[in-house]
> 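Sharing a structure below in structure tokens format, with a few things to ask.
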There are 2 protein chains.
Amino acid sequence: MTYTIGQAARMFGLPVSTLRYYDREGLLPGMERRSGARVFGEKEIEALRVIECLKASGLEIREIRQFMAWTVEGPSTYPQRLALFQARRKALEEELGQLRRMLDMLKYKCWYYETACADGSEERVGAMAPDRFPPEIQALYDSAHSVG
Amino acid sequence: MTYTIGQAARMFGLPVSTLRYYDREGLLPGMERRSGARVFGEKEIEALRVIECLKASGLEIREIRQFMAWTVEGPSTYPQRLALFQARRKALEEELGQLRRMLDMLKYKCWYYETACADGSEERVGAMAPDRFPPEIQALYDSAHSVG
DNA sequence: GCTTGACCTGAAGTCAGGTTCATGGTCTAT
DNA sequence: ATAGACCATGAACCTGACTTCAGGTCAAGC
């Protein structure tokens, strides 16, 4: 199965211009063309999935280009590619930990403003010591206000 | 307890220039000064924690400024603030779901390249049908290759 | 009273990651 | 054979979020 750039763009929820930009930047090496038009095959679709997750892990375009260059270079670069995925996995796991703490903060703030709305004032909830919060809220508060 | 801009910057792992930029952009309204120098009190530290998590949820600086304007405006904006936190909570939960799928892809790729390294070639692992993967890898693969 | 280090300002500069524009080619259906 | 919906290009442009710079203030320690 192959796709046009428009179909691939819809599959990934990206503008066509972004896919062309990725190609220009060397993120889709060796793509086939039919009368000038790019042909997205299974290889390119998998490349887009990889781009998606490498980007999500915080990698920059130029580093993704480096990875794609390694895939072109062949088996001698397996160790680099493995090391890259291991490093990005670690980075993303740490990022997820941070984001869970951010989410706890948002949940705490939801409770805070629900309470303030109900009271018509922040006075009571703002003056309340954290150890008087409901237990599940206290856990959110602690997570959101813990060190680093 | 109060802090200088340098101390606050260290607390949040941010450059001093970023805190000044936030102040300039209206993200730290009504901050006290002592002979010209900004004084970061509990209010500002909590504001920085809120900025941190609103940013993490995908909010732009100008939208965070809007929120800070609401906190200055008083109790009449509790409903807007609550709605904002609820919306950002939802957005971040969805983002976390996406990132977990990205992490599954990274884990799958780690396994893929571990196997390729061990084999000295991608041939075997690349030709293997997903239903022949080890069960835990199959779960990662399915998660990473499921519809958006 | 002078040096040092940390603070201040407004204006300009930087960078990544796209996006837009002007112009033109190619297919498919009517 | 013409319209409409795709596709293409290079170059210029844009945006958000900082960062840097030049020049100045202030408090503390020697």
Side-chain angles (χ1 to χ4, degrees), chain A residues 1-41 44-45 47-48 50-68 88 91 95 98 102, chain B residues 1-41 44-45 47-69 88 91 95 98 102:
Chain A
M1 191 56 185
T2 67
Y3 307 90
T4 67
I5 197 171
Q7 292 170 326
R10 265 167 259 134
M11 283 174 69
F12 286 87
L14 292 171
V16 164
S17 63
T18 299
L19 296 190
R20 286 206 264 254
Y21 165 69
Y22 286 172
D23 187 22
R24 221 183 310 141
E25 292 297 311
L27 270 47
L28 299 164
M31 196 168 20
E32 187 195 337
R33 302 257 183 160
R34 279 184 209 141
S35 31
R38 293 170 182 83
V39 176
F40 287 72
E44 282 73 31
I45 299 301
L48 287 174
V50 169
I51 291 167
E52 200 178 24
C53 76
L54 289 179
K55 256 175 62 71
S57 82
L59 224 60
E60 291 178 13
I61 297 297
R62 84 170 91 84
E63 305 173 281
I64 302 178
R65 168 172 46 227
Q66 172 66 266
F67 168 77
M68 293 301 172
R88 296 335 294 171
E95 175 72 4
Q98 285 298 311
M102 299 299 132
Chain B
M1 193 55 184
T2 67
Y3 307 89
T4 67
I5 196 171
Q7 291 170 327
R10 265 167 259 135
M11 283 174 69
F12 286 86
L14 292 170
V16 165
S17 63
T18 300
L19 296 189
R20 285 205 268 254
Y21 165 70
Y22 287 170
D23 186 23
R24 220 182 312 138
E25 292 298 312
L27 270 47
L28 298 165
M31 196 167 22
E32 187 195 336
R33 302 259 183 158
R34 279 184 209 142
S35 33
R38 292 168 181 85
V39 175
F40 287 72
E44 283 71 32
I45 299 301
L48 287 174
R49 280 195 280 256
V50 169
I51 291 167
E52 199 177 25
C53 76
L54 289 179
K55 257 176 63 72
S57 82
L59 224 62
E60 292 178 11
I61 297 297
R62 85 169 91 81
E63 304 173 281
I64 302 178
R65 168 170 47 226
Q66 172 66 269
F67 167 77
M68 293 301 171
R88 297 334 295 171
E95 174 72 3
Q98 286 298 312
M102 299 300 132

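Residue numbers start from 1 in every chain, and the chains themselves are labelled A, B, ... in the order their sequence lines are given, proteins ahead of strands. Keep in mind that what you see is a predicted model, and the values were worked out from it rather than measured.
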> Separation of Glu32(B) atom CD from dC7(C) atom C1', in whole Å?
15 Å
> Can you tell me how far the CD atom of Glu44(A) sits from the CG atom of Asp23(A), to the nearest 0.5 Å?
9.0 Å
> In this structure, how many angstroms lie between the P atom of dA17(D) and the CG atom of Leu27(B), rounded?
10 Å
> Please determine, for the side chain of Ile5(B), which listed nucleotide (dT19(D), dC7(D), dC7(C)) has the closest atom?
dC7(C)
> Atom CG of Leu19(B) to atom C1' of dT20(D): distance rounded to whole Å?
16 Å
> Counting only side-chain N and O atoms of Arg20(B), is one of them less than 4.0 Å from OP1 or OP2 of dT20(D)?
no
> Rounded at 0.5 Å granularity, tell me how far CD1 in Ile51(B) sits from CG in Leu19(B).
8.5 Å
> Would you indicate which nucleotide in dT9(D), dT9(C), dC18(D) comes nearest to any side-chain atom of Thr18(B)?
dC18(D)
> Does Ser17(A) reach a base, just sugar-phosphate, or nothing at all? Heavy atoms under 4.0 Å.
base
> Using atom types as modelled and distance alone, determine if a side-chain donor or acceptor of Arg65(A) lies under 3.5 Å from a backbone N or O of Glu25(A).
yes
> Answer with base, sugar-phosphate or nothing: what part of the nucleic acid does Arg33(B) contact at a heavy-atom distance below 4.0 Å?
sugar-phosphate
> Please determine if a side-chain N or O atom of Arg65(B) lies less than 4.0 Å away from the OP1 or OP2 oxygen of dG16(D).
no
> Quick one: does Leu48(B)'s side chain get under 4.5 Å of Leu28(B)'s, heavy atoms only?
yes
> Would you say dC7(C) has OP1 or OP2 under 4.0 Å from some side-chain N or O of Ser35(B)?
no
> CZ of Arg38(A) versus P of dG25(C): gap in Å, rounded?
17 Å
> In Å, rounded to the nearest 0.5 Å, how long is the span from OH of Tyr3(A) to CE of Met11(A)?
4.5 Å
> Examine distances only and state if a side-chain atom of Arg34(B) and a backbone atom of Ala37(B) form a donor-acceptor pair shorter than 3.5 Å.
no
> OP1 or OP2 of dC7(D) versus the side-chain N and O atoms of Thr4(A): is any pair under 4.0 Å?
yes
> What is the separation between atom CZ on Arg34(A) and atom P on dC6(D), rounded to the nearest whole Å?
18 Å
> Once rounded to the nearest 0.5 Å, what's the spacing between atom CD of Glu63(A) and atom CE of Met68(A)?
13.0 Å
> For a quick check, with a 4.0 angstrom heavy-atom cut-off, what is the B/S/- contact string for nucleotides 12-17 of chain C, read 5' to 3'?
----SB
> Could you tell me the separation between the CZ atom of Phe40(B) and the C1' atom of dC8(C), rounded to a whole number of Å?
13 Å
> I want to confirm an ordering. Mapping Arg10(A) and Asp23(A) to their closest nucleotides on DNA chain D, which one lands closer to the 5' end?
Arg10(A)
